[in-house]
Amino acid sequence: MKHWNRRRFLSGMGAALVAAPVLGLLERDIRAENATPARRLVVFFSPNGTIHKHWRPSGSGSNFSFPAGSILEPLAAHKSRIIVCDGLDFHGVDNHEAGMAAMLTGGGTLGTETAGKSLDQYIAHRIGQNDRFPSLELGVQTSAWGGGIQTRMSYAGPGQFVPPDDSPKSVYTRMFGDALGGPGELDAALARKKSILDLLRGELGTLRGKVGAHEREKLDEHLASLKKIESGLQGPLCAPPAAPPAVGTYSNDAFPTIGKSQMDLLVLALACDMTRVASVQWNHTVGPVVMSWLGVAEGHHGLSHSDDGNSKGVAEFVATERWYAEQFAYLLERLATTADPQGGMLLDSTVVLWCKELGDSRLHDCKSVPFVLAGGGGLSTGRYLNFGGAPHNRLLVSVCQALGLDNETFGDPQKGSGPLPELFA
């Protein structure tokens, strides 16, 4: 159907020959085709699965709500901006490590369409190569155990980990390093960069008059890239903000402070057009963080295995998961209230994905793994959808297509192909 002229199909066939359900599907396809692709991707990860009865909303479709005390209740203010995705399985995958590896790669290998890359790295490869940071990976205490399958979610290819930066100070320096001496140095740095760009533009313009049509096309692409870079040398919004608080990168009780700093830096990087693909990874699978600020004394991973007979453990796990939902709500609010340099607000032009590596944390399985989507790209938000065991590979395809890409598979094609049309209905 992708290759048909859908409008010609609809106008050329008599209504009596086409059943109403088919027309409905085609009309949804046309709406998705006409949607403006999102320009950015943000991935938000929190570990150790869930307890479904405390996670699931009540109702279905657009008629749903978050029960009082439930894990996702902190997202109530953003209900119209999100899609709660239930019933998505990692096919052929179970347990912490395998779930972490498959979550964003879909089990891809070098010979698959996505070449073993994770979702963020594949999209960065397709849309971010001309950006200052093709992708920006931010972490919150992800690397105390080193780099391995338990602690990494981003892959440049099979077995090629892309490590997140756990230090807000390091991220801040990477973003604003040439302007940290104060406003005078910022002005000088901007002037230097503009001078270099002017020189390059002049040289390319001279060269353009001496080459053929094909080469001129390539030069025009370079000139467009220079214009984009120059637009990123912006004024007050992109001047260095106050430096992040000085805290121990792996101090347990600094976890909330580090996470908030990383989310603020992520939003600023998008607003300043430094990158179009960014992620924030909270800890890692089997993550041991103790949410002492909630009055909890046991590690998050330990709490995630509390059975129904352990009412205190379940209540504390739900409290910690609600805290993660609050962090996701904070990120959505920042994106929804921060101007997009190209017009509107950032959330309108961004696909945001909250992902996990496990379904039921007590069973160590990857069935009905929780996902929440938000933002633009033609997503029909404000709904709770159950996909009945569909492979999560199709969700990864859907995110790619919401960003204007054309791949029909993600990861292992044997596990499913095509997007989830319900997301765009």
Side-chain angles (χ1 to χ4, degrees), residues 44-90 99 256 259 282-283 287 289 291 293-296 298 300-336 347 352-375 379-390 392 395 420 422-423 425:
F44 176 106
F45 167 80
S46 67
N48 297 323
T50 195
I51 299 176
H52 287 105
K53 68 181 179 181
H54 295 292
W55 176 83
R56 287 186 169 117
S58 58
S60 63
S62 59
N63 184 23
F64 76 99
S65 60
F66 302 111
S70 65
I71 289 169
L72 296 183
E73 187 185 15
L75 298 183
H78 298 282
K79 179 183 170 185
S80 65
R81 295 171 169 150
I82 65 175
I83 306 174
V84 179
C85 301
D86 201 350
L88 290 169
D89 296 352
F90 296 3
W282 294 84
N283 214 221
V289 66
M291 296 194 184
W293 54 93
L294 299 179
V296 171
E298 187 175 351
H300 184 260
H301 174 243
L303 290 172
S304 74
H305 294 309
S306 301
D307 60 38
D308 287 341
N310 180 0
S311 57
K312 179 176 182 290
V314 168
E316 290 187 345
F317 180 61
V318 169
T320 61
E321 287 295 285
R322 282 174 59 91
W323 185 82
Y324 277 127
E326 290 168 0
Q327 309 319 300
F328 188 65
Y330 174 80
L331 178 60
L332 293 183
E333 185 63 25
R334 287 296 321 276
L335 292 168
L347 188 58
V352 188
L353 178 68
W354 179 6
C355 55
K356 284 180 167 284
E357 86 289 18
L358 280 181
D360 190 315
S361 53
R362 285 91 60 89
L363 298 177
H364 284 90
D365 70 13
C366 294
K367 305 288 190 295
S368 289
V369 179
F371 286 95
V372 180
L373 272 171
L379 295 173
S380 181
T381 55
R383 292 180 303 149
Y384 167 40
L385 302 176
N386 191 312
F387 295 97
H392 87 293
L395 173 69
L420 297 165
E422 299 93 328
L423 295 172

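Numbering of residues begins at 1 and proceeds along the displayed sequence.
Pro74 approaches Ser70 most closely through the heavy-atom pair CD-O, 4.0 Å. The minimum heavy-atom distance between Leu332 and Ile82, with the atom names listed, is CD1-CG2, 3.8 Å. Listed here is the closest heavy atom pair of Phe90 and Glu357: CE2-O, 3.7 Å. Nearest approach of Thr381 to Ile83, heavy atoms of both residues: CA-CG1, 3.7 Å. Thr320 and Leu294 get closest at one heavy-atom pair: CA-CD1, 3.9 Å. What you find for Ile71 and Ala325 is that their closest heavy atoms are O-CB, 3.3 Å.
Separation of atoms CZ (Phe45) and CZ (Phe328) is listed at 14.0 Å; rounding is to 0.5 Å. Remark: Leu423 CG to Leu385 CG distance equals 6.5 Å, nearest 0.5 Å. Distance check: Leu358 CG to Leu363 CG gives 10.0 Å after rounding to the nearest 0.5 Å. Here the straight-line distance linking atom CZ of Arg81 with atom CG of Leu335 works out to 10.0 Å at 0.5 Å rounding. Here Arg383 contributes atom CZ and Cys85 contributes atom SG; the two are 9.0 Å apart, rounded to the nearest 0.5 Å. Note that the OG atom of Ser304 and the CD atom of Glu321 stand 8.5 Å from one another [nearest 0.5 Å].
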- Evaluate the criterion side-chain contact (heavy atoms from CB on, under 4.5 Å) for residue pair Leu353 and Leu395; output intermediate values, then yes/no. CA-CA 10 Å; Leu353 178 68; Leu395 173 69; 4.2 Å; yes
- Message: Apply side-chain contact (heavy atoms from CB on, under 4.5 Å) to residues Arg362 and Ile51 and explain how you reach the verdict.
- Response: CA-CA 8 Å; Arg362 285 91 60 89; Ile51 299 176; 3.6 Å; yes
- Worked check of side-chain contact (heavy atoms from CB on, under 4.5 Å) between Met291 and Tyr324: CA-CA 11 Å; Met291 296 194 184; Tyr324 277 127; 3.4 Å; yes
- side-chain contact (heavy atoms from CB on, under 4.5 Å) assessment of Asn283 paired with His300: CA-CA 10 Å; Asn283 214 221; His300 184 260; over 6 Å; no
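Looking at Val314 and Leu303, their side chains never come closer than 4.5 Å, going by heavy atoms from C-beta outward. Two residues are said to be in side-chain contact when any heavy atoms from C-beta on lie closer than 4.5 Å; Arg56 and Asp86 meet this criterion. The closest side-chain heavy-atom distance from Ser58 to Phe64 is not below 4.5 Å.
No side-chain donor-acceptor contact under 3.5 Å links Asn48 and His301. Side-chain atoms of Ser46 and Lys356 form a donor-acceptor pair, as typed in the model, at a separation below 3.5 Å.
Side-chain atoms of Asp89 come within 3.5 Å of backbone N or O of Ser368 as a donor-acceptor pair. At least one donor-acceptor pair under 3.5 Å links the side chain of Asp307 to the backbone N or O of Asn310.
In this structure His364 satisfies the ring-ring contact (aromatic ring centres under 6.0 Å, His included) test together with His96, His305, sequence neighbours excluded. Take Trp282 and apply the side chain to side chain donor-acceptor pair (under 3.5 Å) test, not counting sequence neighbours, and it matches no residue.
Under a cut-off of 6.0 angstrom, the local environment of CG in Asn63 is sparse, with at most 12 non-hydrogen atoms contributed by other residues, nucleotides or ligands.
For an aromatic pair to be called close, the ring centres must be under 6.0 Å apart, and His54 with Phe317 fails this.
Taking 4.0 Å as the cut-off between side-chain N and carboxylate O, Arg322 and Glu326 do not count as a salt-bridged pair. With respect to the salt-bridge test (charged N to carboxylate O, under 4.0 angstrom), the residues Lys367 and Asp360 do not qualify. A salt bridge does not link Glu73 to Lys79: none of the charged nitrogens lies less than 4.0 Å from a carboxylate oxygen.
Classification of the Phe44-Trp354 ring pair by plane angle, with boundaries at 30° and 60°, yields perpendicular.
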